[in-house]
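All values derive from a computational prediction rather than experimental measurement. Chain letters run A, B, ... following the sequence lines, proteins first, then strands; residues in each count from 1.
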Number of protein chains: 2
Amino acid sequence: MILTVTPNPALDLTWRIDRLVPGATHRADAGAVRAGGKGLNVARVAHAQGASVLAVSTAGGRSGIELAAELATSGVPHRLVEVVGATRQSIALVDESLGDTTIVNERGVNPSDPEWAALLGEVVDALPGAKVLVVSGSLPPGAPQTLLPLLIGTARDAGVPVIVDTSGPAMLQAADAGASVLKPNAAELVEATGIADPIDGARSLIARGAELVLLSLGADGMLAVTGSETLHARLDAPLSGNPTGAGDAGVAACAVLYADGVRDPETLLRRATAWSAAAVLMPLAGEISDDWVALEERLVVAPFPRTVREDPL
Amino acid sequence: MILTVTPNPALDLTWRIDRLVPGATHRADAGAVRAGGKGLNVARVAHAQGASVLAVSTAGGRSGIELAAELATSGVPHRLVEVVGATRQSIALVDESLGDTTIVNERGVNPSDPEWAALLGEVVDALPGAKVLVVSGSLPPGAPQTLLPLLIGTARDAGVPVIVDTSGPAMLQAADAGASVLKPNAAELVEATGIADPIDGARSLIARGAELVLLSLGADGMLAVTGSETLHARLDAPLSGNPTGAGDAGVAACAVLYADGVRDPETLLRRATAWSAAAVLMPLAGEISDDWVALEERLVVAPFPRTVREDPL
């Protein structure tokens with residue numbers, strides 16, 4: 001079973017409008033409401049692809065009731081710790097003319113220490129059945145500094161490898177605490193490590209203890225950085241679509257293979273890149289297209305930096 | 001008692017962000033959630049100014065539960081007809097750099113005929129205690145053509161005058177059905193009547209049967225058009241602030257005076273203009289500043305078109 005933890009879940013509201021004009025009033029049909037947050041997106045994708053998952057998170061206030069109801073409808077197995085603070089909301093305005101999406105994310109309310117303890121308790125209860133733990137997304141402002149090291153340490157003590165997708169100082173904490181895989185994008189990596197070259201930044205996370213850094217590059221695909229090699233995977237031609245949730249789909253791919261005992265960086269990189277690309281083809285985060293198999297076949301994988309110029313034919 | 005009807009209520013969500021950039025991701029503190037829709041804003045303002053009010057509307061789905069809870073907290077007396085369709089949501093993004101507000105309004109779900117009948121039933125029950133009926137805001141797409149004439153006719157049969165603030169064909173229907181006061185803005189008036197000059201448009205509503213048209217002009221104040229005169233009220237200097245809900249505050253002023261038996265157009269115009277201006281000073285719709293008394297004293301009121309050039313000193 002893949003155990004996912006989402007420390008800062010969100011009720012995601014999505015509206016489609018003709019054209020977003022700042023300062024103007026727009027009319028829209030009823031928006032879509034979804035239980036969101038990166039860890040829940042990872043759980044959705046893995047569940048839809050047939051993996052056994054358990055999504056652990058929190059829910060509070062009326063938005064939390066709505067999140068719980070939507071999650072129940074989704075069929076993704078989950079445990080939600082009831083918290084006093086209202087679950088944050090996130091809104092996405094999809095501009096149907098330009099195709100781009102404007103997002104506002106509330107920062108979220110920090111649970112109390114007993115509420116965090118209850119979340120840790122759910123994780124401890126579930127770890128005996130887990131093959132991998134995924135911790136994904138931001139932490140609410142004011143979250144205890146000890147939270148991420150505690151989660152990772154608890155999983156490692158139980159012999160369960162940990163995949164972390166977060167940003168800022170928490171990324172360094174995760175590497176120090178023994179996360180096996182980290183999945184930053186280039187901007188997050190530069191910001192967290194303070195190192196201008198993302199590949200050097202990824203190597204610094206390996207030096208801190210991570211086994212593998214999956215560095216997502218948007219339309220340029222993904223890099224796998226380990227202690228001994230760096231591989232680059234990208235599609236043979238760019239895709240257009242909605243990149244929201246592409247990183248979460250990559251984490252889901254990595255988690256599914258990890259749960260099956262796969263550790264080969266190239267296999268992990270290929271599947272993560274293919275599922276990320278397949279997420280771009282879907283309108284909402286937390287879903288991937290069935291075309292992922294064909295996309296994986298279209299991938300070009302090579303050592304990075306490429307030492308031989310590619311033949312343009 | 002002032003009886004307000006809001007046929008298409010909304011759960012209003014307001015976020016403040018540094019600067020709205022289309023296509024970008026923004027972080028925000030928790031947004032404000034309010035029971036909204038023009039009629040509820042009218043009831044809020046009148047209630048806060050000490051008037052006796054009853055707000056009638058609908059509520060459905062989880063957003064309806066949230067609307068009902070917020071309305072209960074507000075202390076405004078109300079009756080909400082439970083409907084199956086979810087109450088629409090409206091989002092406002094306040095750009096703190098530029099000071100302007102970007103709004104997305106869901107169109108709303110049309111209640112069933114029995115649900116509309118229940119709304120009419122609440123109005124019929126409340127009319128014996130009402131001094132004035134206010135019908136404010138849009139109708140959901142597909143609402144029965146007969147709804148507005150029925151509401152207005154029922155009130156008039158009970159001897160209760162009716163103030164209507166709506167747009168499109170419903171504005172003409174309201175005038176035909178015997179609404180005493182209509183409060184369009186210039187763009188709504190031109191669109192509903194098809195007459196390019198707003199004052200000619202207002203006169204066409206008087207010809208259809210209305211006693212008074214309060215024509216809001218934004219920063220230029222307000223016009224009162226009757227069968228015999230046109231008066232213009234405006235502040236001696238412009239205000240800056242949030243114009244959302246300014247029209248509703250003007251309707252509330254008119255309703256409070258109507259409930260007290262006032263019919264003098266100049267008195268109605270002065271109070272409506274002052275309360276509209278006092279709403280601009282407040283961050284959320286449905287509130288007016290206590291400075292309205294001073295603002296009313298600052299008003300310049302004159303026949304329109306002004307026949308004597310104003311002395312620039």
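Contact tally against chain B (heavy-atom pairs below 4.5 Å) for A:V94, A:V21, A:I91, A:L20: the top residue is A:I91. Ranked by heavy-atom pairs under 4.5 Å with chain A, the list B:I103, B:V104, B:V33 is led by B:I103. Between chain B and the options A:V109, A:D100, A:N105, the largest number of non-hydrogen pairs under 4.5 Å is found for A:N105. Heavy-atom pairs under 4.5 Å with chain B peak, among A:I17, A:L98, A:D95, A:D29, at A:D29.
Using a cutoff of 4.0 Å between basic side-chain nitrogens and carboxylate oxygens, B:R34 and B:E287 are scored as salt-bridged.
By the 6.0 Å contact criterion, CZ on B:R79 is open, its count of non-hydrogen atoms from other residues, nucleotides or ligands being 12 or less. Within a 6.0 Å sphere centred on CD of A:E96, other residues, nucleotides and ligands contribute more than 12 heavy atoms.
Side-chain contact between A:S57 and A:V81: absent, with no pair of heavy atoms (C-beta onward) separated by less than 4.5 Å.
Only the side chain of B:R88 has a heavy atom closer than 4.5 Å to any heavy atom of chain A. Residue B:T101 touches chain A through its backbone alone, counting heavy-atom pairs closer than 4.5 Å. Heavy-atom distances place the backbone of B:A24, and not its side chain, under 4.5 Å from chain A.
When each of B:N8, B:T6, B:D165 is paired with B:S138, the side chain to side chain donor-acceptor pair (under 3.5 Å) condition holds for B:N8 and for no other.
Smallest separation of non-hydrogen atoms from B:A272 and B:L214: CB-CD1, 4.2 Å.
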